[in-house]
Amino acid sequence: MNLEKIENLLGDEPSYRLNQVEKALFKDLIDSWNDATVLPVKLREKLEKEIPITFDFKTVTSLKGNSIKAVMELRDGLNVESVLMKHTGGRNTVCVSSQVGCPLNCIFCRTGKIGYLRNLNHYEIVEQVLFFSYYLKKAAKHAKKIGALKTYEPVKNIVFMGMGEPFLNYDNVIKAIRFLNNKDKFNIGARHISVSTAGIPEKIKKFSYENMQVNLAVSLNSPDDKIRQKIMPIALKYPVKEIIDAIKFYIGKTNRRAMFEYIMIKDLNDSDALAEQLVKLLGGLLCFVNLIPYNGENCDLKPTPRRRINKFRSILENGGIAVTERFRFGEDINAACGQLIYRKT
Ligand code: SAH
């Protein structure tokens, strides 16, 4: 859908029309503009003709059926990917992309291999969520029709962990978050929205002032600058200390708990010594560590074996650091962390 066209199309209409149009689409998930009965018939016809409710997305479903990857074709022919993760109990999370490609080129992440093509505007970000909202609604309708028990479960959580570095597209990401959070639009609770950054200190500080209850995650991946530089080129610009100082500032301002993501790569960042260093670095901070098993097929990198993850985890926990582990979704459809790279087939 060409959402950018909405504002232009409303040209001379009174200003409250935009809200009505957006509410009909994002909140009521109308099937056709003809169903938006609050709008004048002429406008409905115009919308139906100019911006029909259709999506340029292709989907692939994982074998287990709990994750669905969607490829969105943008107006300029470029593509981005988003992933729907269906947790047991009906909690639906959408992982959205914020850029086409990514300029950071972390060695473990396939998105970086495409390089950076462009930023997404806020409409292109929210359209990824809109698509999955319609998708879920349609799936529930179908299930009901064939007698399978299924109620419509809306999208409840958003993670900015798809393609791109959200803080290098800061303004559009903030706009998209406000859109998603808006009661008359998606109405997704701020606490159910998470932004993950590779760690850009000045943007972390800026984010502290946004007055939003959104979760912040930092891809730390190592407490050691040298190792970090080896796997994340952006670490050459920002040392760990600067990132931690920015996070301290963020916690001080927002009183919110920060998440540190830690991808576990065999013999690279998973030693006892690094776990101990991490305890020292994060001790006393309002935070937790999210361990992510490395996914991928880069022959130089291997995932940390289970026993090593357990040992690393226990060192952190014994040191007083809270730890969670990320559940792996969608490996078989290249939809897991770090696997988003659109290839035309
Ligand atoms: N640019 C942002 C968001 C995208 S990456 C960031 O760096 O945070 C989201 C998360 O996926 C990051 O924590 C990253 O460390 C993780 N990730 C990337 N590639 C991965 C891979 N191959 N295996 C496991 N996790 C990966």
Side-chain angles (χ1 to χ4, degrees), residues 67 80-83 85 93-117 119-120 125 128 157-170 172-173 176-177 193-201 203-204 207 214-223 227-235 237-238 240 243 246-247 258-266 268-270 287-304 309 323-341:
S67 84
V80 282
E81 299 185 337
S82 333
V83 184
M85 292 165 279
T93 298
V94 174
C95 175
V96 293
S97 293
S98 56
Q99 299 183 310
V100 189
C102 181
L104 300 187
N105 206 13
C106 303
I107 62 162
F108 47 79
C109 177
R110 288 167 75 189
T111 304
K113 306 293 169 271
I114 334 174
Y116 166 76
L117 295 166
N119 279 335
L120 294 182
I125 298 173
Q128 301 168 51
N157 304 282
I158 304 291
V159 295
F160 282 79
M161 296 184 186
M163 298 167 114
E165 166 51 43
F167 279 177
L168 290 178
N169 185 15
Y170 189 88
N172 286 314
V173 165
I177 292 174
I193 302 175
S194 303
V195 178
S196 175
T197 174
I200 301 174
K203 293 293 164 50
I204 294 174
F207 194 63
V214 170
N215 306 307
L216 179 61
V218 176
S219 299
L220 189 61
N221 298 333
S222 175
I227 297 175
R228 220 172 166 258
Q229 287 162 7
K230 245 205 258 174
I231 56 177
M232 304 173 74
I234 195 177
K237 202 163 167 193
Y238 305 113
V240 170
I243 295 174
I247 287 291
M259 171 162 106
F260 289 101
E261 292 154 294
Y262 200 103
I263 173 174
M264 303 235 37
I265 307 173
K266 187 170 188 270
L268 205 152
N269 64 350
D270 59 355
C287 72
F288 69 103
V289 172
N290 184 228
L291 297 177
I292 313 172
Y294 166 69
N295 301 305
E297 46 188 50
N298 178 334
C299 23
D300 298 331
L301 308 178
K302 299 266 175 299
T304 296
I309 296 183
V323 182
T324 56
E325 265 180 64
R326 187 165 295 180
F327 181 73
R328 232 185 260 200
F329 272 99
E331 260 176 301
D332 58 335
I333 54 167
N334 279 338
C337 298
Q339 297 192 319
L340 299 184
I341 174 169

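Predicted model, so just to flag it, every value in this text is computed and none were measured. Counting convention: from 1, in listed order, for ligands and their atoms alike.
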Original post:
Of Ile177, Val214, Val94, which meets side-chain contact (heavy atoms from CB on, under 4.5 Å) against Ile158?
Top reply: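 The passing option is Val94.
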**OP:** Decide side-chain hydrogen bond (donor to acceptor under 3.5 Å, both in side chains) for Glu165 and Thr197; before the verdict, give the C-alpha distance in whole Å, the side-chain angles of both, and the deciding distance to 0.1 Å.
**Re:** CA-CA 6 Å; Glu165 166 51 43; Thr197 174; 2.7 Å; yes
Original post:
When you look at NZ of Lys113, are more than 12 heavy atoms from neighbouring residues, nucleotides or ligands closer to it than 6.0 Å?
Top reply: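 Correct, the count exceeds 12.
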Residue, atom name and distance, where the atom is the protein heavy atom closest to [atom]:
atom: atom 11 (O) of ligand 1; answer: Cys337 CB, 3.6 Å
atom: atom 2 (C) of ligand 1; answer: Ser196 O, 3.3 Å
atom: atom 12 (C) of ligand 1; answer: Ser219 OG, 3.1 Å
atom: atom 19 (N) of ligand 1; answer: Gly338 CA, 3.0 Å
atom: atom 5 (S) of ligand 1; answer: Met161 O, 4.1 Å
atom: atom 23 (N) of ligand 1; answer: Asn295 N, 2.9 Å

Original post:
Going through the distances and angles, do Met163 and Leu117 end up as a side chain to side chain contact (heavy atoms under 4.5 Å, CB included)?
Top reply: CA-CA 11 Å; Met163 298 167 114; Leu117 295 166; over 6 Å; no
Within the 4.0 Å heavy-atom shell around [X], which atoms of ligand 1 are there?
X: Glu261; value: 10 (C), 12 (C), 13 (O)
X: Gly164; value: 1 (N), 2 (C), 3 (C), 4 (C)
X: Gly162; value: 4 (C)
X: Ala198; value: 6 (C), 7 (O), 8 (O)
X: Ile292; value: 13 (O), 24 (C), 25 (N)

Original post:
Looking only at N/O atoms, are Tyr294 and ligand 1 under 3.5 Å apart anywhere?
Top reply: no
**OP:** For residues Val173 and Phe160, report the shortest heavy-atom separation together with the two atoms involved.
**Re:** CG1-CE2, 3.9 Å
Subject >> Set of residues satisfying ring pair (Phe, Tyr, Trp, His ring centres under 6.0 Å) with respect to Phe108, sequence neighbours excluded >> reply: none
Non-hydrogen atom of [X] closer than 4.0 Å to ligand 1:
X: Pro293; value: yes
X: Cys102; value: no
X: Ser98; value: no

**OP:** Output, in order, the C-alpha distance, side-chain angles, deciding distance and verdict of side chain to side chain contact (heavy atoms under 4.5 Å, CB included) for Val289 and Leu220.
**Re:** CA-CA 9 Å; Val289 172; Leu220 189 61; over 6 Å; no
Subject >> Whether Phe207 and Tyr170 hold their rings parallel, tilted or perpendicular, with breakpoints at 30° and 60° >> reply: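 Answer is perpendicular, since the angle exceeds 60°.
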Subject >> From CA spacing to verdict: side chain to side chain contact (heavy atoms under 4.5 Å, CB included), Leu104, Leu168 >> reply: CA-CA 10 Å; Leu104 300 187; Leu168 290 178; 4.0 Å; yes
**OP:** Determine whether Met161 and Cys337 make a side-chain contact, defined as any pair of heavy atoms from C-beta on separated by less than 4.5 Å.
**Re:**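 Met161 does not reach Cys337 side chain to side chain.
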Original post:
Just wondering, do Leu120 and Val100 contact through their side chains at under 4.5 Å, heavy atoms?
Top reply: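 Val100 reaches Leu120 side chain to side chain.
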**OP:** Pick one of side chain, backbone, both or neither for how Ile263 approaches ligand 1, counting any non-hydrogen atom pair under 4.0 Å.
**Re:**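 The answer is the side chain of Ile263.
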**OP:** Pick, from Leu220, Leu104, Asn221, Asn290, the option with the minimum heavy-atom distance to atom 15 (O) of ligand 1.
**Re:** Asn221
